[in-house]
*Asks:* 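First the structure, which I've put down as structure tokens, then a few questions once you've had a look.
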Amino acid sequence: MHAIVIDKPGGPEALSWQQVPDPRPGPGEVLIDVAASAVNRADVMQRQGRYDPPPGASPYPGLECSGVVAEAGPDVEGFRPGDRVCALLSGGGYAEKVAVPWQQVMRVPDGVDLVEAAALPEVACTVWSNVFMTARLRRGETLLVHGGASGIGTLAVQLAKAFGSRVAVTAGTDEKIARCLELGADEGVNYREEDFSERIQADVILDIIGGKYLPANVRALRTGGRLVVIGMQGGSKGELNLGALLAKRASVHGTTLRARPVDEKGAIVRGVVENVWPLVDAGVIRPVIHARVPMSEAAEAHRLIETGEHVGKILLVG
Ligand SMILES: NC(=O)c1ccc[n+]([C@@H]2O[C@H](COP(=O)([O-])OP(=O)(O)OC[C@H]3O[C@@H](n4cnc5c(N)ncnc54)[C@H](OP(=O)(O)O)[C@@H]3O)[C@@H](O)[C@H]2O)c1
């Protein structure tokens with residue numbers, strides 16, 4: 001098969017489409033003929049040599065894919081050759097084939113075509129696990145989503161609105177804020193012009209900035225608030241005002257998805273299929289797709305994500 005290989009960490013040109021050995025499905029694994037994958041920030045960091053795949057994961061980038069089951073290894077439950085699926089991966093999505101534990105495989109929701117389905121696994125699993133399983137966002141509460149126009153943000157806005165929450169976002173341009181309002185957000189702050197903590201008070205904050213935003217995030221939390229940090233685009237260290245945290249009886253969580261064991265990923269995937277897919281089936285939630293790029297030209301897709309101009313996801317079509 002062909003896959004995108006990173007021979008040496010570097011810029012987008014480090015990504016090249018090469019012939020590599022086919023993966024074989026092991027016990028409990030499904031082999032997928034990949035129709036599409038999608039670009040995540042983590043792939044950019046992997047390409048730069050700043051985010052190595054966890055032990056045992058494919059060396060090729062790609063944390064999600066859609067496609068058709070080609071083969072099911074021993075002990076696979078619920079999937080057979082010919083099934084149209086999408087999957088949460090630990091790596092290897094930028095390829096013509098990938099092997100993945102069956103627990104991380106999902107049916108393609110209704111109303112979404114096979115290629116579009118590649119835009120959903122990583123964002124749906126990240127938002128469901130952090131906002132709903134960890135922070136337990138409730139109906140009527142306010143969610144603040146930093147980077148509302150990101151891949152993660154565009155799904156977080158739609159899902160929290162569908163579950164009856166109020167949603168505020170931050171973004172770096174008024175155009176991006178306008179797109180978030182179209183997706184259902186109630187309020188947006190252009191972080192280049194305003195300090196969000198002076199206007200927003202939230203019960204749950206989904207944060208992709210990390211260190212730089214820690215003091216303002218704690219200021220923006222309501223009593224009983226939950227801050228979930230999933231990205232460190234603004235550094236890994238910041239000052240935490242414990243006095244403010246205690247007074248608000250608030251909590252700070254940090255999580256990653258990629259390195260979790262298969263059974264934890266499986267529990268998240270089941271939660272997504274049960275709670276998120278019916279909303280996609282009904283057309284209440286739609287994947288937001290900025291561009292479709294041929295997988296062999298993944299370098300172009302990485303250049304695009306690094307401009308920061310995109311809204312939603314960039315697909316890599318096989
Ligand atoms: N921990 C996990 O399990 C997990 C899983 C998936 C993703 N993530 C993280 O989630 C983040 C988003 O991932 P993605 O793939 O959706 O990336 P993406 O689409 O490239 O989005 C990155 C976003 O960051 C925004 N941004 C940059 N500086 C900002 C600031 N100071 N305040 C608010 N927004 C800012 C950019 O928008 P502007 O133009 O508006 O600045 C852009 O929309 C990444 O940091 C990624 O590593 C974590």
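Indexing begins at 1, ligand by ligand and atom by atom, following the structure's order. Hydrogens, waters and symmetry mates play no part in the numbers below; they use all other heavy atoms, side chains included.
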*Asks:* Just to confirm my output: which protein heavy-atom neighbour is closest to atom 32 (N) of ligand 1, and how far is it?
*Replies:*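 Atom 32 (N) of ligand 1 sits closest to the protein heavy atom Tyr213 OH, 2.8 Å.
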
*Asks:* Regarding His253 and Ser251, is there a side-chain donor-to-acceptor distance under 3.5 Å anywhere?
*Replies:*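 Side chains of His253 and Ser251: pair found under 3.5 Å.
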
*Asks:* Considering non-hydrogen atoms of the protein only, which is the closest contact for atom 3 (O) of ligand 1, and what is the distance?
*Replies:* Leu257 N, 2.9 Å

*Asks:* Please list, in number order, the atoms of ligand 1 under 4.0 Å from a heavy atom of Thr170.
*Replies:*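 Listed by number with element, the hits are 33 (C).
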
*Asks:* How far is atom 22 (C) of ligand 1 from its nearest protein heavy atom, and which residue and atom name does that atom have?
*Replies:*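 Here the closest protein heavy atom is Gln233 OE1, 3.6 Å.
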
*Asks:* Starting from atom 11 (C) of ligand 1, what is the nearest protein heavy atom, named by residue and atom, and what distance separates them?
*Replies:* Ile208 CG2, 3.4 Å

*Asks:* Do me a favour and list the nearest non-hydrogen protein atom to atom 23 (C) of ligand 1 with residue, atom name and distance?
*Replies:*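 In this structure, atom 23 (C) of ligand 1 has Ser150 CB, 3.7 Å as its nearest protein heavy atom.
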
*Asks:* Between ligand 1 and Arg258, can you find any atom pair, the residue atom being a heavy atom, that is separated by under 4.0 Å?
*Replies:*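 Arg258: no contact with ligand 1 (<4.0 Å).
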
*Asks:* May I ask you to check if ligand 1 and Asn130 share an N or O to N or O distance below 3.5 Å?
*Replies:*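 N/O-N/O distance below 3.5 Å does not exist for this pair.
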
*Asks:* Side-chain heavy atoms under 4.5 angstrom apart, residues restricted to Ile, Leu, Val, Met, Phe, Trp, Tyr: same cluster for Met106 and Val108?
*Replies:* no

*Asks:* Any idea which protein heavy atom is nearest atom 8 (N) of ligand 1, and the distance to it?
*Replies:*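 Atom 8 (N) of ligand 1 sits closest to the protein heavy atom Ile230 O, 3.7 Å.
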
*Asks:* For atom 39 (O) of ligand 1, grab the closest protein heavy atom and report residue, atom and distance to one decimal in Å.
*Replies:*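 So the nearest neighbour among protein heavy atoms is Lys176 NZ, 2.6 Å.
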
*Asks:* I need the nearest protein heavy-atom contact for atom 20 (O) of ligand 1: residue, atom name and distance, please.
*Replies:*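 Nearest protein contact, heavy atoms only, for atom 20 (O) of ligand 1 is Arg41 NE, 2.7 Å.
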
